[in-house]
Amino acid sequence: LVLLAAYVAYLGLGAVVLQALERPAEMQAAQNLLREHWELLANHTCLQGPALQRLIEGIIQAYKSGITLQGNTTSLGRWDYSGSFFFSISAITTIGYGNLSPSTAVGRIFCIVFALFGIPLNLVLLNEIGHLMLLGVQHCACRLEEVFHWQNKASFLIKTCALVTGLLLFLLLPPLLFSDKEGWSYEEGFYYSFITLSTIGFGDYVIGMNPDRTYPSWYKNVVSLWILFGMAWLALVIKFCINILE
């Protein structure tokens, strides 16, 4: 009962803080959108309100499907092989960005079957990768104990090095790549890194989706490997936090 009360209280605290931080910006954005909508109708009297509303809804639906307007043409590419491969990873890792989803009945049914077997496969692989990481840390600690005759110090030193190395490889350095390829700020890249590796996956930031940018062929493949090993590392960190809380 105490644990349940603490859980609900933590959620309530998060809701209060987020409402205080985000609600004013949401209200301001809504007011700006409404003002621009009426200014457009007032300045272009040939436009009809219902027709404009249908166009806006069509643009929103097309954007959800990965289609954007570029002058007199449209840009495709979210469902090419690299985009489909990246979607497959986001599905079986349960990240589920939500920016892209199957639109056909057959595609949705396949996605269900694919995830049903893919999620356990992904968990088994992540567990093996995490196990290998732990074995590597323990092996290094044993070697230090043998060479320098350290006992408690060796284990603490190696675990600290593993934590710092993981922070650099999976959270602190990747935002620099995202800043270069996506044009994001460092804060946005760091935010995307944690939201992705923790499998929260809001979908407000997703790599390789800007139609105005040209991405190298290796980009999504490297990010896919980063997701796989980064999730395994972060799972170990979260497991350590669970042990502390318990």
Side-chain angles (χ1 to χ4, degrees), residues 60-70 73-133 166 168-184 188-236 238:
I60 292 173
Q61 187 60 42
Y63 181 78
K64 288 180 179 179
S65 301
I67 303 171
T68 56
L69 287 172
Q70 291 183 321
T73 61
T74 56
S75 68
L76 302 173
R78 291 194 180 185
W79 284 113
D80 58 7
Y81 183 79
S82 62
S84 301
F85 186 83
F86 193 72
F87 171 80
S88 300
I89 290 178
S90 70
I92 67 172
T93 55
T94 71
I95 295 173
Y97 289 115
N99 68 309
L100 188 63
S101 58
S103 59
T104 64
V106 177
R108 289 167 181 163
I109 293 172
F110 173 77
C111 188
I112 293 171
V113 176
F114 180 75
L116 184 63
F117 292 97
I119 291 173
L121 178 62
N122 177 71
L123 291 176
V124 170
L125 179 60
L126 289 181
N127 185 59
E128 288 299 317
I129 293 175
H131 182 64
L132 289 175
M133 288 180 177
L168 285 172
L169 290 178
F170 302 121
L171 288 178
L172 298 179
L173 293 180
L176 298 176
L177 175 64
F178 301 139
S179 297
D180 178 58
K181 300 302 180 184
E182 304 290 342
W184 298 341
E188 290 171 327
F190 183 83
Y191 167 80
Y192 166 78
S193 299
F194 182 81
I195 293 300
T196 294
L197 297 185
S198 60
T199 72
I200 296 173
F202 288 125
D204 48 352
Y205 289 91
V206 184
I207 61 105
M209 295 299 173
N210 190 341
D212 298 325
R213 287 183 171 267
T214 302
Y215 300 99
S217 57
W218 52 264
Y219 181 50
K220 285 188 177 180
N221 296 328
V222 170
V223 173
S224 298
L225 288 175
W226 165 75
I227 289 175
L228 187 62
F229 287 93
M231 282 180 61
W233 172 81
L234 190 59
L236 293 177
I238 292 175

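Since we're looking at a predicted model, the values are computed, not measured.
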Novice: Give, for atom CE of M231 and atom OG1 of T94, the distance between the pair rounded to the nearest 0.5 Å.
Specialist: 5.5 Å
Novice: Please tell me if the side chains of I89 and N122 come closer than 4.5 Å, counting only heavy atoms from C-beta onward.
Specialist: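 Contact flag for I89/N122 side chains = no.
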Novice: When rounded to the nearest 0.5 angstrom, what distance separates OG1 in T214 from NZ in K181?
Specialist: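 So the gap between those two atoms works out to 10.0 Å.
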Novice: Taking all atoms of both residues into account, what is the closest heavy-atom pair of S224 and F86, and its distance?
Specialist: OG-CD1, 3.9 Å
Novice: Using a 3.5 Å distance criterion without hydrogens, assess whether the side chain of S90 forms a donor-acceptor pair with backbone atoms of G96.
Specialist: no
Novice: Under 4.5 Å between any side-chain heavy atoms of Y192 and I207, yes or no?
Specialist: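 Y192 reaches I207 side chain to side chain.
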Novice: List the steps, then state whether side chain to side chain contact (heavy atoms under 4.5 Å, CB included) holds for T196 with T93.
Specialist: CA-CA 10 Å; T196 294; T93 55; over 6 Å; no
Novice: Before giving the answer on side chain to side chain contact (heavy atoms under 4.5 Å, CB included), spell out for I95 and L197 the whole-Å C-alpha distance, their side-chain angles and the decisive distance to 0.1 Å.
Specialist: CA-CA 8 Å; I95 295 173; L197 297 185; over 6 Å; no
Novice: A side-chain contact here means heavy atoms from C-beta on lying under 4.5 Å apart; do K220 and F85 qualify?
Specialist: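 With C-beta onward as the side chain, the pair stays apart.
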Novice: Is R108 close to I112 at the side-chain level, that is, under 4.5 Å between some pair of heavy atoms?
Specialist: no
Novice: Relative to the ring of F178, is the ring of W226 parallel (under 30°), tilted (30 to 60°) or perpendicular (over 60°)?
Specialist: perpendicular
Novice: Please confirm whether the backbone N or O of F87 pairs with a side-chain atom of Y97, one donor and one acceptor, at under 3.5 Å?
Specialist: no
Novice: Could you give the distance from CG (L176) to CG (D180), rounded to the nearest 0.5 Å?
Specialist: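 Going from CG on L176 over to CG on D180, the span is 9.5 Å.
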Novice: Please name the pair of heavy atoms, one in G107 and one in P102, separated by the smallest distance, quoted to 0.1 Å.
Specialist: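 Shortest heavy-atom contact: C-CB, 3.7 Å.
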Novice: Looking at L172, L234, I227, L171, which hits side-chain contact (heavy atoms from CB on, under 4.5 Å) with S193?
Specialist: L171
Novice: Check whether any side-chain heavy atom of D204 lies under 4.5 Å from a side-chain heavy atom of Y191, and answer yes or no.
Specialist: yes
Novice: Compare all side-chain heavy atoms of I92 with those of L121 and state whether any distance is below 4.5 angstrom.
Specialist: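 In short, these two side chains do not touch, never coming nearer than 4.5 Å.
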Novice: Rounded to the nearest 0.5 Å, how far apart are OG of S88 and OH of Y81?
Specialist: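 Going from the OG atom of S88 to the OH atom of Y81 covers 8.0 Å.
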Novice: Quick one: OG1 on T199 to CD1 on I238, what's the gap to the nearest 0.5 Å?
Specialist: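 Answer rounded to 0.5 Å: 7.5 Å.
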